[in-house]
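Here is the structure we will look at, set down as structure tokens.
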Amino acid sequence: MLPPFPRVAGPRARQTLALARYASTSTKEKFRVLVVGAGSGGLTAANQIYNRFKAAGKPLNAGDVGVLDAADYHYYQPNVSFRTLVGSGLSKKTDFRRPLASLFPPHIMHIAENVKSFYPESSSVTTTSGRTISYDSLVVAAGLKTNWDGVAGLPQALADPYSGVSSIYSYDTCDKVLHDVDALRSGNAIFTQPAGVIKCSGAPQKIMWMTWDKYQKSGRGNNIKIDFMTGMPAMFSVKKYSDALNALRIERGIGAEFQHNLISIDAANRKATFKKDDGSTVDRSPIADAAGWVEIDQATLRHVKPEFGNIFALGDCSSLPTSKTIAAITSQAPVLTENLFSVMDTGKVSSAKYDGYTSCPLLTGYGELMLTEFKYGLVPKESFANYMGDQTKRRRLFYHFKKDLFPWAYWNRMVDGKWFGPSGPFRPKFV
């Protein structure tokens, strides 16, 4: 195995068809602010930018902010976390997606196309249909794409309902995880995590912990051996949490091999092959660094090249040296918004700086969760430690944060640009 809050229909839901028609027929070729990607980062940034100009008494016109994304659906982010809930049998996957067009307010233009190429020298992009669209400022929030073909035999094994191979990293296969977990009565269960940068790096062990708990509670714990094969050198990147998780792994009798990457699957013979190597590849772009990430300043989120000073980025596609999670985006978006506004208004960035805050709500069983929070340098930055004590302690309250509060806040606040991470519904003030 690899790694519910329905929205009430209202004015926005009734606008869906009109918005979709507006997006598909629009011929506008220039935007004040153009956003690439309508995932969590893109939608949040687009709405916060529009709201920031309005709050400053300098409102943008309807249609001044455009968002490029050809997807039909928007999936709840952190999408891997929701798939953990699905794979654990706690939720239905259909609870965690919405038609993308339904999430756009009328003043933000949805362009139902994807970007093919970036031309930062001329402040423009070309789309997959061949259109050229220019901008005053660009926000890149393109996310990550999972390379299933990077593991020989994996796509075929995922498509085979009897292979015993599944993944929480795909909407199409996350419910297969629950089937495979339930179907195993005895034998070996292997959970894997690749080396390098992935989305929500704690997710592979979240589903492992939930599976361990299920097997214990269903009387199969003594009949099934669980192993965690990870390409990383430790259980977690932050030593404080890694030590606690490794102690928990040993206590629960879960085997582990570190710095071991999955390279192939032989589903017919139920065999997985690993090696100590990271052979990942990345795409190149004129706005990317040598590793393929959009190269931005880690504090201001503005492109590091002065000639590309009207380009900003956030989320999974950025070069920010922090974990790629929804929690990171909630803290990045207000900083990006403030600096983009300041650059467009005064020509200079503001005092707003991102400190690398991110969080990984780690399910460790049914009814318990370890809430890890940290910033640049892998330094813990815990929101509740002063009130509730050390956050390496697994708590039921944190479990309900993940299962109940976070999905509600996401659909009802964040995608509208009204959720600011540790600040909750209050936009941070930057001195």
Side-chain angles (χ1 to χ4, degrees), residues 1-3 78 80-81 83-85 87-88 90 168-169 177 181 189-217 221 224-262 274 322-328 356-385 388-403 406:
M1 282 165 278
L2 305 174
V80 180
S81 288
R83 292 168 192 159
T84 306
L85 298 177
S88 303
L90 295 173
I168 59 168
Y169 275 80
V177 175
V181 167
I190 300 175
F191 294 81
T192 76
Q193 176 173 339
V197 179
I198 62 170
K199 190 176 187 68
C200 191
S201 59
Q205 61 178 292
K206 293 178 189 178
I207 190 62
M208 177 188 72
W209 297 123
M210 298 298 281
T211 300
W212 178 90
D213 197 21
K214 173 170 285 212
Y215 287 159
Q216 300 303 309
K217 291 175 177 175
I224 298 173
K225 183 178 185 296
I226 295 179
D227 287 292
F228 186 46
M229 306 289 288
T230 173
M232 305 304 290
M235 289 294 291
F236 201 74
S237 57
V238 180
K239 187 178 187 303
K240 172 182 178 177
Y241 304 126
S242 182
D243 289 347
L245 289 165
N246 199 53
L248 182 64
R249 177 188 67 79
I250 294 170
E251 175 190 323
R252 292 181 172 180
I254 295 174
E257 290 287 352
F258 299 99
Q259 295 182 304
H260 278 65
N261 258 335
L262 178 67
F274 298 82
T322 192
S323 294
K324 298 184 181 298
T325 68
I326 188 65
Y357 174 83
T358 189
S359 174
C360 181
L362 265 165
L363 287 163
T364 53
Y366 291 85
E368 63 176 57
L369 184 144
M370 183 188 297
L371 184 59
T372 71
E373 297 179 282
F374 50 100
K375 60 183 180 178
Y376 287 143
L378 304 179
V379 177
K381 185 185 178 182
E382 298 178 342
S383 302
F384 303 95
M388 303 178 66
D390 188 354
Q391 287 183 202
T392 59
K393 181 178 180 180
R394 308 184 302 278
R395 291 181 170 84
R396 188 174 190 90
L397 176 62
F398 294 159
Y399 170 84
H400 286 291
F401 279 0
K402 177 183 179 66
K403 180 176 176 291
F406 294 163

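By convention here, the first residue in the shown sequence is residue 1. Hydrogens, waters and symmetry mates play no part in the numbers below; they use all other heavy atoms, side chains included.
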Take Arg395 and Leu371 through the test side chain to side chain contact (heavy atoms under 4.5 Å, CB included) and record every step on the way to the result.
-> CA-CA 8 Å; Arg395 291 181 170 84; Leu371 184 59; over 6 Å; no
Could you walk me through whether Phe274 and Gln259 pass the side chain to side chain contact (heavy atoms under 4.5 Å, CB included) check?
-> CA-CA 9 Å; Phe274 298 82; Gln259 295 182 304; over 6 Å; no
For Ile226 and Met208, run side chain to side chain contact (heavy atoms under 4.5 Å, CB included): C-alpha distance rounded to whole Å, both residues' side-chain angles, the deciding distance at 0.1 Å, then the answer.
-> CA-CA 8 Å; Ile226 295 179; Met208 177 188 72; 3.9 Å; yes
Quick one: do Ile254 and Phe191 satisfy side chain to side chain contact (heavy atoms under 4.5 Å, CB included)? Show the steps, please.
-> CA-CA 10 Å; Ile254 295 174; Phe191 294 81; over 6 Å; no
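More than 12 heavy atoms of other residues, nucleotides or ligands lie within 6.0 Å of NZ in Lys217, so this atom counts as buried by the packing criterion.
Nearest heavy-atom pair across Ser237 and Leu378 is O-CD1, 3.0 Å. Nearest heavy atoms, Cys360 versus Lys206: SG-CE, 3.7 Å. Ala234 and Phe258 get closest at one heavy-atom pair: C-CE2, 3.6 Å. Of all heavy-atom pairs spanning Ser323 and Ala328, the tightest one is O-CB, 3.6 Å. In terms of heavy atoms, Pro380 sits closest to Val238 at CG-CG1, 4.2 Å. For Gly367 against Tyr399, the heavy-atom pair with the smallest separation is N-CE1, 3.2 Å.
The shortest distance between side-chain heavy atoms of Thr392 and Lys240 falls below 4.5 Å. Residues Ser359 and Lys381 are not in side-chain contact: their nearest non-hydrogen atoms beyond the backbone lie 4.5 Å or more apart. Proximity of Val379 to Phe374: side-chain heavy atoms (C-beta onward) are nowhere separated by under 4.5 Å. Proximity of Asp390 to Glu382: side-chain heavy atoms (C-beta onward) are separated by under 4.5 Å at one or more points. Side chains of Leu245 and Phe228 form no contact here, defined as non-hydrogen atoms less than 4.5 Å apart. Counting only heavy atoms from C-beta outward, the side chains of Trp209 and Arg249 approach each other to under 4.5 Å. Residues Tyr241 and Met235 have side chains not in contact (no heavy-atom distance under 4.5 Å, counting atoms from C-beta outward). When side chains are defined from C-beta on, Val181 counts as touching Tyr215, because their heavy atoms get closer than 4.5 Å.
Lys375 contributes atom NZ, which lies 13.5 Å from atom OG1 of Thr358 (distance to the nearest 0.5 angstrom). Between Leu363 atom CG and Lys403 atom NZ the span is 11.0 Å, to the nearest 0.5 Å. Interatomic distance, Met210 CE to Leu362 CG, rounded to the nearest 0.5 Å: 11.5 Å.
Using modelled atom types, no side-chain atom of Lys214 and backbone atom of Tyr366 make a donor-acceptor pair closer than 3.5 Å. The main-chain N or O of Glu373 is never found under 3.5 Å from a side-chain atom of Gln391 such that the two would form a donor-acceptor pair.
Here Leu397 pairs with Met388, Phe401 under the side-chain contact (heavy atoms from CB on, under 4.5 Å) rule; sequence neighbours left out. Here Arg394 pairs with Leu248, Arg252, Thr364, Glu368, Met370 under the side-chain contact (heavy atoms from CB on, under 4.5 Å) rule; sequence neighbours left out. Applying the side chain to side chain donor-acceptor pair (under 3.5 Å) criterion to Thr372, with sequence neighbours excluded, gives no partner residue.
Between Phe398 and Phe384, the ring planes lie tilted relative to each other; the angle falls in the 30° to 60° range.
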